[in-house]
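Quick note on labels: first sequence line is chain A, next is B, and so on, each numbered from 1.
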2 protein chains.
Amino acid sequence: MIRAEAADMPDDGAPKTPDRLRRRASRLLSQVSVRSDRLITEGLAQADARKWHYAALASLEEYGPGSQAELSRRTDIYRSDMVGVLNELAERDLVERMPDPDDRRRNIITISTRGRRHLRRLDKVLDDLHDELLAPLSPAERDQFVQLLTRLLDHHVRVS
Amino acid sequence: MIRAEAADMPDDGAPKTPDRLRRRASRLLSQVSVRSDRLITEGLAQADARKWHYAALASLEEYGPGSQAELSRRTDIYRSDMVGVLNELAERDLVERMPDPDDRRRNIITISTRGRRHLRRLDKVLDDLHDELLAPLSPAERDQFVQLLTRLLDHHVRVS
DNA sequence: CCGTTGCGTTAGTCCGACTAACGATGTACG
DNA sequence: CGTACATCGTTAGTCGGACTAACGCAACGG
């Protein structure tokens, strides 16, 4: 059987697959990402939070206290921005900043009890938001989606 | 069988799933998207092009000539930015801008022969870049990935 | 005819990612 | 020891992309 070419298109070397714009993974990725970001940002705003807050708090709870620079590495927030994020968190008494006695260049950041409580709230909020984000996918598909993204990310982190 | 909890974690209400930061679809999405964007942007730069150029040209070839506003809608480039993009394309003679006789508010944008040639080049460049972007995935997985993204996008476009 | 809408264009805002440089401190090594 | 270099937290500032506001003009609908 002969491979079908779009019949209504003059064969001037035009693409074999129509809709290339819509199918380009890079474009899909960026468009979905923008929407995802808006959803999350707006959702978190209603809880007086920002995504960086969640990242910092979650990192503190999961991997324990750390210096600002270390937190920065864990969360991929630039250390110059981390200052502001931690200011916001400290203002709300969600974290504690104290000088490291063993290295006076460092601050040790610790999550507070309020911080843990807040984090728990944010986790719920995010669960709901992700439910909305991934609404059209079945549980299995969601897993697959996360898996594919993870593999892509790992690959590109290694390569960089 | 009893549901396993992470054994090394005191049960202070901590999340049942560790690594939540890394597994959050929204975070994965944004991180992969950033990397994808960098890859594409840098790759296209080597061909003296930007992603908007590709979007505009591809839209012109696939759906035919159109006004700037229409192009804007097709490609999701803001009409205020479209001006600049079309300037860049017109400078390079990839596109022709002419007044619409039927509606003097409009410009009709047409892709030129050079434009088609350029587009073909960009398509090749992008094919290679996507190969790099999706390197860790098998062909079937790439399709699935695109499919999942498409469904997500469609859903959120409808809802908005 | 007039109010509304859509057009192309300019200018400018906003925000997030990222860089540069700082003083203070720590580390390695001759 | 001393001295070169690296790392820390912080401030300031750049850059680019997404988005808004407003404009003069033209078309449309009642």
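A residue-by-residue look at B:I108 and A:D102 shows that B:I108 has its nearest nucleotide of DNA chain C further toward the 5' end.
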If you look only at distance, which donor and acceptor atoms sit under 3.5 Å apart when one is on a side chain in residues 103-111 of chain A and the other is two or more places apart or in another chain?
{"residue": "A:D103", "atom": "OD1", "partner": "A:R105", "partner atom": "N", "Å": "3.1"}
{"residue": "A:D103", "atom": "OD1", "partner": "A:R105", "partner atom": "NE", "Å": "3.1"}
{"residue": "A:D103", "atom": "OD2", "partner": "A:R105", "partner atom": "NH2", "Å": "2.8"}
{"residue": "A:D103", "atom": "OD2", "partner": "A:R106", "partner atom": "NH1", "Å": "2.4"}
{"residue": "A:N107", "atom": "ND2", "partner": "A:Q68", "partner atom": "OE1", "Å": "3.1"}

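Between A:E88 atom CD and D:dT10 atom P there is a gap of 14 Å when expressed in whole angstrom units. If you measure from atom CZ of B:R27 to atom P of C:dA17, you get 11 Å, rounded to the nearest angstrom. As a whole-Å value, the separation of A:D37 CG from C:dA17 C1' is 12 Å. Atom-to-atom, CG of A:N87 to C1' of D:dT11 comes out at 12 Å; the value is rounded to the nearest Å. We find that CG of A:D100 is positioned 17 Å from P of D:dT7, with the value rounded to whole Å. The nearest whole Å value for the distance from the CZ atom in A:R106 to the P atom in D:dT7 is 10 Å.
In this structure A:R74 satisfies the salt bridge (Lys or Arg N to Asp or Glu O under 4.0 Å) test together with A:E70, sequence neighbours excluded. Applying the side-chain hydrogen bond (donor to acceptor under 3.5 Å, both in side chains) rule to A:R24 yields the partners B:Y54, B:D123, B:D127; only residues at least two apart in sequence or on another chain are considered. Every residue meeting the side-chain hydrogen bond (donor to acceptor under 3.5 Å, both in side chains) condition with A:S138, not counting sequence neighbours, appears here in chain and number order: A:E141. Listed by chain and number, the residues in a side-chain hydrogen bond (donor to acceptor under 3.5 Å, both in side chains) with A:H156 amount to none (sequence neighbours excluded).
Put simply, A:Q68 has a side-chain N or O that comes within less than 4.0 Å of OP1 or OP2 on D:dT10. Within the 4.0 Å cut-off from OP1 or OP2 of D:dC8, at least one side-chain nitrogen or oxygen of A:R73 is found. For B:N107, a side-chain nitrogen or oxygen approaches OP1 or OP2 of C:dT9 to under 4.0 Å.
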Polar atoms only, N or O, under 3.5 Å: list the protein pairs with nucleotides 17-26 of chain D and their distances.
{"residue": "D:dC19", "atom": "OP1", "partner": "A:R38", "partner atom": "NH1", "Å": "2.4"}
{"residue": "D:dC19", "atom": "OP2", "partner": "B:Y78", "partner atom": "OH", "Å": "3.2"}
{"residue": "D:dC19", "atom": "O5'", "partner": "B:Y78", "partner atom": "OH", "Å": "2.8"}
{"residue": "D:dC19", "atom": "N4", "partner": "B:D81", "partner atom": "OD1", "Å": "3.3"}
{"residue": "D:dT20", "atom": "O4", "partner": "B:S80", "partner atom": "OG", "Å": "2.9"}

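Salt bridge annotation for B:R20-A:E61: present, with a cationic side-chain nitrogen under 4.0 angstrom from a carboxylate oxygen.
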